[in-house]
Amino acid sequence: MITPCRDMSIIEEFMMLPEVRRYAEEYGSAPPKFEASKKELWFTFSKNGEDAGMINMHVETGSMCQFHPYILRKHRMNYVEMVREFFGWFIKTMPPEAIKLNAIIPSCYKATIDAGIEAGGTVEGVDRMSYRKDVGKVYDRILLGITRQEMSNG
């Protein structure tokens, strides 16, 4: 089940788990800061009463939001379910002017890209050599997108 989360301590606790923390540090300094904002929304995904994942959504424009799902390893098989539940929330809750979601995934995470496509995303482009992982390794980032209409049809 997907539910909005406004408790920054819950978000920080989840995002600082060792298996998730490396993703949290990708786009900023360590330790990352998690702050409440009108443009930044967080969601928890629960499976069988256990927190299995989180989704961060950032409102970029009046028509497009960017989202980033995080899921614990033991719940990876529920990744597509989590993302599709989030799409359902988006359709029901966001104003009709919000018609698009984007996810940007480093090319080295093939399984995540494949799961994003399985959930309904379309590869829309490549941001070349824009993600550094480990010393001396640079990867492309893949842009996946999905429209409100595509979410409804999925």
Side-chain angles (χ1 to χ4, degrees), residues 1-47 49-73 75-76 78-109 112-113 115-117 119-127 129-133 139-152 154:
M1 172 176 24
I2 285 281
T3 55
C5 182
R6 300 198 195 309
D7 185 334
M8 291 296 120
S9 64
I10 291 171
I11 294 164
E12 186 169 352
E13 182 180 328
F14 183 88
M15 296 303 292
M16 291 297 99
L17 292 171
E19 69 179 276
V20 179
R21 184 182 173 118
R22 66 185 175 116
Y23 301 113
E25 293 174 347
E26 289 171 352
Y27 298 104
S29 61
K33 292 185 177 157
F34 303 100
E35 300 172 334
S37 159
K38 289 181 181 180
K39 290 189 167 210
E40 198 87 21
L41 303 172
W42 288 86
F43 304 84
T44 56
F45 173 68
S46 300
K47 192 71 179 171
E50 181 180 352
D51 286 344
M54 293 201 95
I55 293 180
N56 171 254
M57 183 181 82
H58 182 81
V59 178
E60 295 283 334
T61 69
S63 62
M64 187 272 293
C65 301
Q66 186 168 315
F67 78 108
H68 193 133
Y70 302 90
I71 196 154
L72 298 177
R73 282 185 196 102
H75 294 283
R76 279 187 187 159
N78 303 116
Y79 180 88
V80 172
E81 176 187 353
M82 176 178 73
V83 170
R84 286 186 178 155
E85 282 191 27
F86 173 68
F87 292 166
W89 176 91
F90 185 89
I91 290 166
K92 283 190 268 181
T93 310
M94 292 298 288
E97 296 81 18
I99 58 172
K100 178 92 184 287
L101 281 169
N102 286 339
I104 301 172
I105 306 167
S107 62
C108 53
Y109 299 122
T112 305
I113 294 167
I117 292 168
T122 299
V123 175
E124 296 187 344
V126 176
D127 184 14
M129 299 184 71
S130 58
Y131 178 80
R132 186 172 307 278
K133 180 181 176 193
Y139 297 89
D140 297 341
R141 294 186 313 162
I142 308 302
L143 172 63
L144 294 181
I146 188 167
T147 65
R148 180 182 285 266
Q149 182 178 3
E150 291 165 338
M151 288 177 229
S152 297

Next item on the list: With the side chain counted from C-beta on, respond yes when Val59 and Lys38 share a heavy-atom pair under 4.5 Å apart, and no when they do not.
Entry: no
Notebook entry, point to check: Is any side-chain heavy atom of Met57 closer than 4.5 Å to a side-chain heavy atom of Cys65?
Noted result: yes
Check: So, does Glu85 use its side chain to make a donor-acceptor pair with the main chain of Met82 at under 3.5 Å?
Finding: no
Notebook entry, point to check: Roughly how far, to the nearest 0.5 Å, is the NZ atom of Lys47 from the CD1 atom of Ile71?
Noted result: 9.5 Å
Margin query: Walk me through whether Leu72 and Val20 qualify under side-chain contact (heavy atoms from CB on, under 4.5 Å).
Written below: CA-CA 7 Å; Leu72 298 177; Val20 179; 3.7 Å; yes
Check: What distance separates Met151 CE from Gln149 CD, expressed to the nearest 0.5 Å?
Finding: 11.0 Å
Margin query: Can you tell me how far apart OG1 (Thr112) and CD1 (Ile117) are? Round to the nearest 0.5 Å.
Written below: 11.0 Å
Checklist line | Validation row: Gln66, Leu101 side chains within 4.5 angstrom (heavy atoms) | finding: no
Next item on the list: Determine the minimum heavy-atom distance between Ile113 and Ser107, stating which atoms define it.
Entry: CD1-CA, 3.8 Å
Note to self: Could you tell me if the side chain of Ile11 sits less than 4.5 Å from the side chain of Met54, heavy atoms only?
What the structure shows: yes
Check: Say you draw a straight line from CZ of Arg141 to SG of Cys108; how long is it, rounded to the nearest 0.5 Å?
Finding: 11.5 Å
Note to self: Going by side-chain contact (heavy atoms from CB on, under 4.5 Å), name the residues that satisfy it together with Lys92, two or more places apart in sequence or in a different chain.
What the structure shows: none
Item checked: Partner set under side-chain contact (heavy atoms from CB on, under 4.5 Å) for Met64, not counting sequence neighbours -> Glu60, Thr61, Lys100, Asn102
Notebook entry, point to check: Ignoring hydrogens and geometry, is there a side-chain-to-backbone donor-acceptor pair from Ser130 to Asp127 under 3.5 Å?
Noted result: yes
Next item on the list: Can you see which heavy atom on Phe14 is nearest to which on Gly53, and at what distance?
Entry: CZ-CA, 3.6 Å
Item checked: Minimum-distance pair of heavy atoms, taken over all atoms of Ala119 and Val83 -> CB-CG1, 3.8 Å
Notebook entry, point to check: Looking only at atom types and distance, does a side-chain atom of Ser46 sit under 3.5 Å from a main-chain N or O of Gly49, one as donor and one as acceptor?
Noted result: no
Note to self: For Asn78 and Phe45: C-alpha separation, side-chain torsions, deciding distance, then whether side-chain contact (heavy atoms from CB on, under 4.5 Å) applies.
What the structure shows: CA-CA 10 Å; Asn78 303 116; Phe45 173 68; 4.0 Å; yes
Margin query: Looking at every heavy atom in both Ile146 and Gly120, which two are closest together, and how far apart are they?
Written below: CD1-O, 3.5 Å
Checklist line | Side-chain donor-acceptor contact under 3.5 Å, Glu40 with His58 | finding: yes
Next item on the list: Return the minimal non-hydrogen interatomic distance between Tyr79 and Ala115, and the atom names on each side.
Entry: CD2-CB, 3.2 Å
Margin query: Once you measure the plane-to-plane angle for Tyr70 and Trp42, does it fall in the parallel (<30°), tilted (30-60°) or perpendicular (>60°) bin?
Written below: parallel
Check: Would you call Glu13 and Ile10 a side-chain contact if the rule is heavy atoms closer than 4.5 Å?
Finding: no
Notebook entry, point to check: Taking C-beta and beyond as the side chain, do Ile91 and Ser152 meet within less than 4.5 Å on heavy atoms?
Noted result: yes
Item checked: Heavy-atom donor-acceptor pair, Asp140 side chain to Met129 backbone, under 3.5 Å -> yes
Checklist line | Spatial distance of atom CD (Glu50) from atom OG1 (Thr44) [nearest 0.5 Å] | finding: 12.5 Å
Check: How many angstroms lie between atom CD1 of Ile99 and atom CZ of Arg148, to the nearest 0.5 angstrom?
Finding: 8.5 Å
Check: What closest approach, in Å, do Phe86 and Ile2 show between heavy atoms, and which atom pair accounts for it?
Finding: N-CG1, 3.8 Å
Margin query: Quick check: do Asn56 and Leu41 have side-chain heavy atoms less than 4.5 Å from each other?
Written below: no
Checklist line | Contact check, side chains of Ile142 and Val123, non-hydrogen atoms, under 4.5 Å | finding: yes
